[in-house]
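Before any comments, here is the structure.
Letters go in sequence order (proteins before strands), and every chain restarts at 1.
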Number of protein chains: 2
Amino acid sequence: MSLVLDPATQDLLFREARTANTFTDEQVTEEQIRAIYDLVKYGPTAFNQTPLRIVLVRSPEARERLVKHMGGGNRPKTATAPLVAILAADNEFHEELPHLFPAFPDAKDAFFSERPVRERNASMNAALQAAYFIIGVRAAGLAAGPMSGFDPAGVQKEFLDGDHTPLMVVNIGKPGADAWFPRSPRLSYEDVVTTV
Amino acid sequence: MSLVLDPATQDLLFREARTANTFTDEQVTEEQIRAIYDLVKYGPTAFNQTPLRIVLVRSPEARERLVKHMGGGNRPKTATAPLVAILAADNEFHEELPHLFPAFPDAKDAFFSERPVRERNASMNAALQAAYFIIGVRAAGLAAGPMSGFDPAGVQKEFLDGDHTPLMVVNIGKPGADAWFPRSPRLSYEDVVTTV
């Protein structure tokens, strides 16, 4: 056995975990999201940028505003999931770097003075953190339903500002009836990995 | 307790796991990398794009070619890690979509006929998979040392082709002496999460 992770946890986080398309009406609590964040905040990012920002869409009024920016196939899921999170990248993350990266307090000015550089870094590193967040949702015994099918400009205007770029919207809850599509195939090791 | 993941596994994957800067000389086997891939290949991506491609740099000759493209501070680590992996995004991932996303075989032409769209999707979704890979390395009881400090054009020319964009380079092995820098601070829940 090459993994030290036990098989039940492999199933919980990867093998049996699936993108849920329906949910029960069991609520997702503030405590659960705090516990998820308190775990996944440790995932590594370049220069400890940690540019991920999370908007929890809890009120019926906000939910309605979000649903109208989702792609047609995603609307029923987003309308009915117990909790929906907008994951965004903070393109002004460098303001926090003197605190976040004490090993090199000048990194803010030395590397990140240009906005396009920050945008590239923010989207890349927030995507890493989005993946950690999905793993964290599963670590809480919940199913995640990450979606890229939405109008980014609409979501940005409605819920964020010009410095925050939406990356994905994630439905969160306990899987409901017929929650899963059939598992799609994966590429083989030989298709993905080469050795030089 | 809001997480179902047991505390020892929380430590293994997130809390105690750290970016290693030195390594023992214990080898990282083909079997370990196969086990890691066989676990993390299930992590979700949009349309099951799975654009991550991995180049394992095993030969001394290839290692030497890679080290010269790394930033100065990363060279000693990359020169001495038991194994180094180049993680790249396949910008032509859409060629695999009819196989990978059987639910909608026309997705290849309907959504991904334009190269800039593919590049954005490939880098975003390969970044998600890079994070799953880092978690997988830890699930194998190994330390990962992900690095963004390298010359992307140089690494691309040396090890990839025009259709593959390097995302990060990851040192992999058992942590050696003085492997860790002090843990940098993380943002608080209140700094990251808002509720609407």
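- For B:D38, the parts lying near chain A are the backbone and the side chain together; criterion is any non-hydrogen pair under 4.5 Å.
- Looking at A:R183, the atoms closer than 4.5 Å to chain B (heavy atoms on both sides) all sit in the side chain, from C-beta outward.
- Using a 4.5 Å cut-off between heavy atoms, A:I134 touches chain B through its side chain atoms alone.
- Annotation: side chain of A:R34 is not in contact with side chain of B:S2 (no heavy-atom distance under 4.5 Å).
- By a heavy-atom distance cut of under 4.5 Å, A:A46, A:N48, A:T50, A:L52, A:R53, A:I54, A:V55, A:L56, A:V57, A:R58 are the residues of residues 45-58 of chain A near chain B, going up by number.
- Within the 4.5 angstrom heavy-atom criterion, atoms from both the backbone and the side chain of B:Y189 approach chain A.
- Only the side chain of A:S148 comes within contact range of chain B, with heavy atoms under 4.5 Å apart.
- Taking non-hydrogen atoms and a 4.5 Å limit, the residue list of residues 126-133 of chain A in contact with chain B, ordered by number, reads A:A127, A:L128, A:A130, A:A131, A:Y132.
- Between B:S123 and A:S123, the closest side-chain pair of non-hydrogen atoms is not below 4.5 Å.
- Contact count against chain B (heavy-atom pairs under 4.5 Å) is highest for A:I33 among A:T19, A:I33, A:N125.
- Each of A:L167, A:L187, A:L5 has some count of heavy-atom pairs under 4.5 Å with chain B, and the biggest count is that of A:L187.
- In this structure, A:V117 and A:F111 have side chains that are not in contact, with every pair of non-hydrogen atoms separated by 4.5 Å or more.
- Residue A:F159 touches chain B through its side chain alone, counting heavy-atom pairs closer than 4.5 Å.
- For residues 75-97 of chain A, heavy-atom neighbours of chain B at less than 4.5 Å comprise A:E96, sorted by residue number.
- Looking at A:S188, the atoms closer than 4.5 Å to chain B (heavy atoms on both sides) all sit in the backbone: N, CA, C or O.
- Side-chain contact between A:H164 and A:D161 is present, with at least one heavy-atom pair separated by less than 4.5 Å.
- Looking at A:Y37, the atoms closer than 4.5 Å to chain B (heavy atoms on both sides) all sit in the side chain, from C-beta outward.
- A salt bridge is defined here as a Lys NZ or Arg NE, NH1 or NH2 lying under 4.0 Å from an Asp or Glu carboxylate O, and B:E119 with B:R115 meets this definition.
- Between A:F104 and A:A110, the shortest heavy-atom distance links the atoms CZ-CB, 4.0 Å.
- When atom types are taken as modelled, the side chain of B:Q32 and the backbone of A:L3 share no donor-acceptor pair closer than 3.5 angstrom.
- The minimum heavy-atom distance linking B:F150 with B:V155 is given by the pair CD1-CG2, 3.6 Å.
- Only the side chain of B:E190 comes within contact range of chain A, judged by heavy atoms closer than 4.5 Å.
- For the residue pair A:Y42 and B:R15, the shortest heavy atom distance occurs at CE1-NH1, 3.8 Å.
- Contact count against chain B (heavy-atom pairs under 4.5 Å) is highest for A:P185 among A:A62, A:G43, A:S184, A:P185.
- Taking non-hydrogen atoms and a 4.5 Å limit, the residue list of residues 138-147 of chain A in contact with chain B, ordered by number, reads A:R138, A:A139, A:A140, A:G141, A:P146.
- Taking CG of A:D25 as the start and CD of A:Q27 as the end, the distance is 7.5 Å to the nearest 0.5 Å.
- Looking at A:S59, the atoms closer than 4.5 Å to chain B (heavy atoms on both sides) sit in the backbone and in the side chain alike.
- Two residues are said to be in side-chain contact when any heavy atoms from C-beta on lie closer than 4.5 Å; A:D6 and B:T9 meet this criterion.
- No other option in A:R65, A:R186, A:M168 has as many heavy-atom pairs under 4.5 Å with chain B as A:R186.
- Nearest heavy-atom pair, B:A107 versus B:F112, reported as atom, atom and distance to 0.1 Å: O-CD1, 3.4 Å.
- Comparing A:V40, A:V4, A:V193, A:L39 by heavy-atom pairs within less than 4.5 Å of chain B, the highest count is held by A:L39.
- For the pair A:I135/A:F14, a side-chain contact is recorded, criterion being any heavy-atom separation below 4.5 Å from C-beta on.
- Between the B:T22 side chain and the B:A177 main chain, a donor and an acceptor come within less than 3.5 Å of each other.
- For A:E158 (side chain) and A:Q156 (main-chain N/O), no donor-acceptor pair under 3.5 Å exists by modelled atom type.
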